[in-house]
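Bear in mind that the values here come from a model prediction, so they are computed numbers and not experimental data. What's counted below: heavy atoms across the whole structure, side chains too, no hydrogens, waters or symmetry copies.
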Amino acid sequence: MGSSSATPRRIAMTPAARRVLEAAGRLFYERGIHAVGVDLIAAEAGVTKKTLYDRFGSKEQIVVEYLADRDERWRAFLDRHLDAAPPEPAARVLAVFDASRAWSAEHSTKGCSMVNAHAEISDPAHPAYPVITGQKQWMLALFAGLAEGIAGTPDGAGHLARTLMLLHEGALVAHGLHLFADPIGHARDQARALLASC
């Protein structure tokens, strides 16, 4: 049984497994995890179902690999933005919003893949659940680390981190729902105003 603190099992990627993962990732994101079956994934990847099961063992493992791959690519993308940002903590906070804005425009037109996956996978026993919750815990820890250099006390840093997380995640959801133009930019503006008041 999985848990939110467990490290999910990962597989080694062969060329065929990579093709399966690329096809599954596109289909899961566009159509939803539950709506996509292994027959369609295998057909889109140009492999047999036997090859798919030989590589992954189950659809659940494909979901784990899809979400873990998205998470790894997002963290590397964010790291590049943070590396290019000025060293001041407030500037680095805003760089997180800038990275999310750029990533969402390029990779997440339908919203955050983790939020979308959580709408379908809410059972902590699912092997992909730790990937989903782990990514959000990592983001909160990132904001907490940045907030330590801004707020004067540990309690203040924790409060600031949670507020920044809410701004960030709310913007991702609004982006996916297409509620209004540039919600991540709006959240960035609100974060900048909040940081200026600290």
Linking I/L/V/M/F/W/Y whenever their side-chain heavy atoms sit closer than 4.5 Å, directly or via other members, would Phe97 and Phe180 fall into one cluster? no

Apart from Leu172 itself, which Ile, Leu, Val, Met, Phe, Trp or Tyr residues share its cluster (side-chain heavy atoms under 4.5 Å, direct or through members)? Ile184

Do you know which two heavy atoms are closest between Arg55 and Ala17, and how far apart they sit? CD-CB, 3.9 Å

Co-membership, hydrophobic cluster, residues Trp138 and Met114, 4.5 Å side-chain: no

Quick one: do Phe77 and Val115 end up in the same hydrophobic cluster if we chain Ile, Leu, Val, Met, Phe, Trp and Tyr together by side-chain heavy atoms under 4.5 Å apart? no

Asp189/Arg192 salt bridge by N-O under 4.0 Å criterion: yes

Just one of Val64, Val63, Asp71 clears the side chain to side chain contact (heavy atoms under 4.5 Å, CB included) bar with Leu67, so which one? Val63

Between Ile62 and Ala24, which heavy-atom pair has the shortest distance, and what is it? CG2-CB, 3.5 Å

Would Leu195 and Leu160 satisfy side chain to side chain contact (heavy atoms under 4.5 Å, CB included), going step by step from the backbone distance to the final call? CA-CA 9 Å; Leu195 294 169; Leu160 177 58; 4.3 Å; yes

What distance do Leu140 atom CG and Arg162 atom CZ have between them, rounded to the nearest 0.5 Å? 8.0 Å

Please enumerate all residues that pass side-chain hydrogen bond (donor to acceptor under 3.5 Å, both in side chains) together with Arg26, with sequence neighbours excluded. Glu44

Does CZ in Arg31 sit with more than 12 non-hydrogen atoms of other residues, nucleotides or ligands closer than 6.0 Å? no

Pairwise distance CG(Leu27) to CD1(Ile41) - rounded to 0.5 angstrom: 6.5 Å

Which value, rounded to the nearest 0.5 Å, describes the distance between His81 atom NE2 and Leu94 atom CG? 12.5 Å

Restricting to non-hydrogen atoms, name the atom on Ala68 and the atom on Val131 that form the minimum distance, rounded to 0.1 Å. N-CG1, 3.6 Å

Ser104 side chain to Ser100 main-chain N or O, any donor-acceptor pair under 3.5 Å? yes

Ser108: side-chain hydrogen bond (donor to acceptor under 3.5 Å, both in side chains) partners, not counting sequence neighbours: Arg70, Trp103

For Ile33, is there any backbone N or O sitting under 3.5 Å from a side-chain donor or acceptor partner on Lys59? yes

Which value, rounded to the nearest 0.5 Å, describes the distance between Glu72 atom CD and Gln135 atom CD? 11.0 Å

Interatomic distance, CG@Leu164 vs CZ@Arg188, rounded to 0.5 Å, equals 12.5 Å

Rounding to 0.5 Å, atoms CD (Gln137) and CE (Met165) come to a distance of 9.0 Å

Looking at every non-hydrogen atom in both residues, tell me the closest pair between Ala171 and Ala187 and how far apart they are. CB-CB, 3.6 Å

Answer yes if Val38 and Met13 sit in the same cluster of Ile, Leu, Val, Met, Phe, Trp and Tyr residues linked by side chain heavy atoms under 4.5 Å apart, and no otherwise. yes

Can you list the residues that meet the side-chain hydrogen bond (donor to acceptor under 3.5 Å, both in side chains) rule with Thr163, with sequence neighbours excluded? none

Heavy-atom closest pair, residues Leu78 and Ala99: CD1-CB, 3.6 Å

Please check if the number of heavy atoms outside His107 that lie under 6.0 Å from its NE2 is greater than 12. yes

Shortest non-hydrogen contact from Arg10 to Asp69? NH2-N, 4.4 Å

Answer yes or no: is there a side-chain heavy-atom contact under 4.5 Å between Ile150 and Val93? yes

With sequence neighbours left out, which residue pairs that include part of residues 17-61 fulfil the ring-ring contact (aromatic ring centres under 6.0 Å, His included) condition? Phe28-Tyr66

Look at the aromatic rings of His168 and Phe143 and report parallel, tilted or perpendicular, splitting at 30° and 60°. perpendicular

Under 4.5 Å between side-chain heavy atoms, hopping through other hydrophobics if needed: is there a path connecting Val47 to Val36? yes

Can you sort out the partners of Gln61 under side-chain hydrogen bond (donor to acceptor under 3.5 Å, both in side chains), two or more places apart, ordered by chain and number? Arg9, Glu65

Using only atom types and a distance under 3.5 Å, with no angle test, would you say the side chain of His178 pairs donor to acceptor with the backbone of Thr109? yes

From CA spacing to verdict: side chain to side chain contact (heavy atoms under 4.5 Å, CB included), Trp74, Met139: CA-CA 11 Å; Trp74 157 244; Met139 286 299 299; 3.5 Å; yes

Looking at Glu30 and Lys110, is any side-chain nitrogen of the basic one under 4.0 Å from a carboxylate oxygen of the acidic one? no

